[in-house]
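Reviewing the structure listed below.
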Amino acid sequence: MEIEREENIFYNLIKNETSLTEVFCNFMRYESFRNLFIDMINEKIKNKENIIDKSKVKFQDFDTEVALNNQKNGRIDFQLKINTNKIYLFEIKIKTYTNLTDNQPKGYLDYLKELELESENLFFILPKGYLHLKEIKNHNIIYWEDILKQIRKKELDKANVFINEFCEIIDLNWFYFEKIDFSKNELELIFSDKKDKGYKMIENVNIPILMKKLFKIIDLTAVNVSYLGGKNDKQNFENYGYLLNKNTCKISKKINFDIWYGIDYELWEKTNNPISIQLANFDIEEIELFIQNCGINFERFEYKDKAITFYIQLEREVFENEDKNITEELTHKINEVINVLKDYK
């Protein structure tokens with residue numbers, strides 16, 4: 001889904017982390033926006049003495065691209081400095097795969113320590129599914145999706161056209177997942193057990209609406225994950241899906257097998273579940289050792305031709321729960337697998 005210039009004031013202006021941070025900072029001029037953000041900060045703070053008094057915060061207390069200790073400790077994306085004893089640092093990421101630099105978080109923590117401030121004054125503003133959470137564990141995290149949710153819950157977007165268009169463009173650029181819903185009859189067909197009576201799920205390719213929806217989920221997810229192109233991707237008589245690009249996903253060099261996600265028709269017939277993430281093109285001993293140590297419950301499946309795969313599936317409840325966005329849940333599940341694979345030793 002794309003947005004046109006005439007539809008949004010921020011068209012071609014908010015394009016990356018830097019431009020997003022600048023606009024986000026400028027919105028702190030609005031007291032309602034500022035207070036909402038401070039409330040989200042305070043929810044994360046454990047030391048009561050460190051709680052921010054909203055009445056003492058001014059727009060001028062916020063700044064961007066701040067060099068810490070003459071850049072000895074790096075350059076922080078976003079800072080709130082109320083006084084010398086009340087300084088809060090915010091590192092901002094908008095893409096799930098963006099790496100941390102050497103100063104993130106060590107340099108920032110050293111800077112806070114020099115000022116005799118608490119480590120909890122460091123925050124990360126991230127997209128859900130961020131792939132480097134292990135490197136910033138035990139630090140305060142605020143998710144962009146939750147910021148958008150709170151803005152809309154408080155109806156700030158309805159009160160201010162600029163806030164509304166800010167929400168729309170960052171949502172569409174980075175955090176929007178088109179929601180695909182299935183009717184009760186479609187769900188019954190997807191998870192049908194008619195295979196026990198000789199019914200073949202592969203025959204569903206002749207049911208256009210249902211299969212179009214399933215294929216669309218796979219294609220929409222491909223927008224949010226890095227995949228390989230080529231003849232092995234997308235539809236053939238056995239499956240519809242994508243191989244992940246191991247280089248772009250920064251998967252460990254020790255991983256010698258491929259990762260695929262999509263709709264595997266024969267697996268669907270046997271498990272009554274259409275969407276899976278699979279390990280492919282592997283040495284059986286290597287893959288079994290990996291599965292023992294990876295912490296993810298991959299299951300073994302043997303095809304009729306005796307080929308083997310190992311898989312996890314998108315849970316049935318994701319399809320049935322109206323509050324769940326299937327594309328978003330599948331993207332997060334793939335990112336969880338990538339996170340394990342990139343750190344595998």
Side-chain angles (χ1 to χ4, degrees), residues 93-102 104-105 124 126-139 141 143 174-175 177 217-234 238-264 267 271 273-303 307-315 318 326-345:
K93 304 294 183 190
I94 56 174
K95 296 180 179 178
T96 58
Y97 53 81
T98 305
N99 287 318
L100 299 174
T101 67
D102 294 339
Q104 303 168 359
F124 287 82
L126 308 170
K128 290 183 177 179
Y130 184 67
L131 296 177
H132 305 280
L133 284 180
K134 290 183 179 179
E135 298 167 47
I136 56 175
K137 61 183 179 181
N138 302 324
H139 294 293
I141 296 172
Y143 289 109
W174 296 291
F175 312 120
F177 294 89
I217 290 169
I218 304 306
D219 290 339
L220 288 171
T221 303
V223 175
N224 300 299
V225 299
S226 181
Y227 65 93
L228 288 172
K231 63 181 180 180
N232 292 323
D233 277 344
K234 299 192 77 171
E238 295 177 335
N239 56 57
Y240 186 100
Y242 296 87
L243 285 170
L244 298 187
N245 187 323
K246 294 193 289 185
N247 290 329
T248 307
C249 293
K250 299 188 181 300
I251 288 172
S252 169
K253 298 297 183 184
K254 290 188 176 292
I255 299 297
N256 296 317
F257 49 83
D258 292 322
I259 305 92
W260 178 92
Y261 83 92
I263 303 166
D264 180 323
L267 182 63
T271 64
N273 197 321
I275 298 177
S276 61
I277 303 168
Q278 298 182 21
L279 310 179
N281 302 324
F282 51 76
D283 174 82
I284 192 68
E285 291 184 2
E286 177 190 3
I287 205 75
E288 288 179 342
L289 179 62
F290 167 77
I291 291 170
Q292 288 175 13
N293 296 296
C294 73
I296 299 177
N297 188 27
F298 283 96
E299 296 186 50
R300 178 185 173 119
F301 178 74
E302 183 173 332
Y303 295 95
I308 301 294
T309 190
F310 291 86
Y311 71 94
I312 55 174
Q313 290 179 306
L314 197 62
E315 298 83 356
V318 173
I326 302 171
T327 306
E328 182 176 8
E329 294 294 326
L330 177 57
T331 301
H332 292 334
K333 201 172 188 73
I334 292 170
N335 283 337
E336 288 173 9
V337 174
I338 293 174
N339 225 354
V340 170
L341 294 169
K342 66 183 286 293
D343 295 327
Y344 186 70
K345 298 178 181 179

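Numbers here are sequence positions counted from 1. Basis for what follows: all heavy atoms, side chains included, without hydrogens, waters or symmetry-related copies.
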Distance-only criterion, 3.5 Å: show the donor-acceptor pairs between side-chain atoms of residues 290-299 and protein atoms not counting sequence neighbours.
| unit_1 | atom_1 | unit_2 | atom_2 | d |
| --- | --- | --- | --- | --- |
| Asn293 | ND2 | Leu289 | O | 2.8 |

Take Ile94 and Tyr130, measure what side chain to side chain contact (heavy atoms under 4.5 Å, CB included) needs, and give me the verdict at the end.
-> CA-CA 9 Å; Ile94 56 174; Tyr130 184 67; over 6 Å; no

Apply side chain to side chain donor-acceptor pair (under 3.5 Å) to the pair Asp219 and Tyr240, showing each step before the final yes or no.
-> CA-CA 9 Å; Asp219 290 339; Tyr240 186 100; 2.8 Å; yes

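Without hydrogens or angle criteria, Ser252 side chain to Lys342 main chain gives no donor-acceptor distance under 3.5 Å. Proximity of a side-chain donor or acceptor of Tyr261 to a complementary backbone N or O of Ile275 within less than 3.5 Å is not detected. Remark: the backbone N or O of Phe257 is paired with a side-chain donor or acceptor of Lys246 at under 3.5 angstrom.
The shortest non-hydrogen separation linking Pro127 to Lys95 is CG-C, 3.8 Å.
Shown here is Glu302, whose CD atom has more than 12 heavy atoms of other residues, nucleotides or ligands within 6.0 Å.
For the atom pair NZ (Lys333) and OG1 (Thr221), the distance works out to 13.0 Å, reported to the nearest 0.5 Å. We find the CD1-CH2 distance between Ile277 and Trp260 to be 10.0 Å, quoted to the nearest 0.5 Å. Between the CD atom in Glu328 and the CD1 atom in Ile326 there is a gap of 11.5 Å [rounded to 0.5 Å]. Between atom CG of residue Asn273 and atom CD1 of residue Ile312 there is a gap of 11.0 Å, rounded to the nearest 0.5 Å. We find the CG-OG distance between Leu267 and Ser276 to be 5.0 Å, quoted to the nearest 0.5 Å. Here the straight-line distance linking atom CD1 of Ile255 with atom SG of Cys249 works out to 12.5 Å at 0.5 Å rounding.
Electrostatic pairing of Glu288 and Arg300 counts as a salt bridge here, judged by a charged N lying under 4.0 Å from a carboxylate O.
In this structure, the side chain to side chain contact (heavy atoms under 4.5 Å, CB included) partners of Thr309, at least two apart in sequence or on a different chain, are Gln278, Phe301, Tyr303. Shown here are the side-chain hydrogen bond (donor to acceptor under 3.5 Å, both in side chains) partners of Glu329, two or more places apart in sequence or in another chain: there are none. Residues satisfying the side-chain hydrogen bond (donor to acceptor under 3.5 Å, both in side chains) test with Thr98, not counting sequence neighbours, are none. Remark: Asn245 pairs with Thr248 by the side-chain hydrogen bond (donor to acceptor under 3.5 Å, both in side chains) rule, at least two apart or across chains. By the side-chain hydrogen bond (donor to acceptor under 3.5 Å, both in side chains) test, Glu336 pairs with no residue at all, sequence neighbours left out.
Defined by atom type and a distance below 3.5 Å, a donor-acceptor pair is missing between the side-chain atoms of Tyr344 and Asn339. Under the 3.5 Å distance criterion, with hydrogens and angles disregarded, a donor-acceptor pair is assigned to the side chains of Gln104 and Lys93.
Shown are Ile251, Leu243, Val225; of these, the side-chain contact (heavy atoms from CB on, under 4.5 Å) with Ile259 is made only by Ile251.
Between Asp258 and Leu244 the shortest side-chain heavy-atom distance does not fall below 4.5 Å. Taking 4.5 Å as the limit, some side-chain heavy atom of Leu330 sits within range of a side-chain heavy atom of Ile217.
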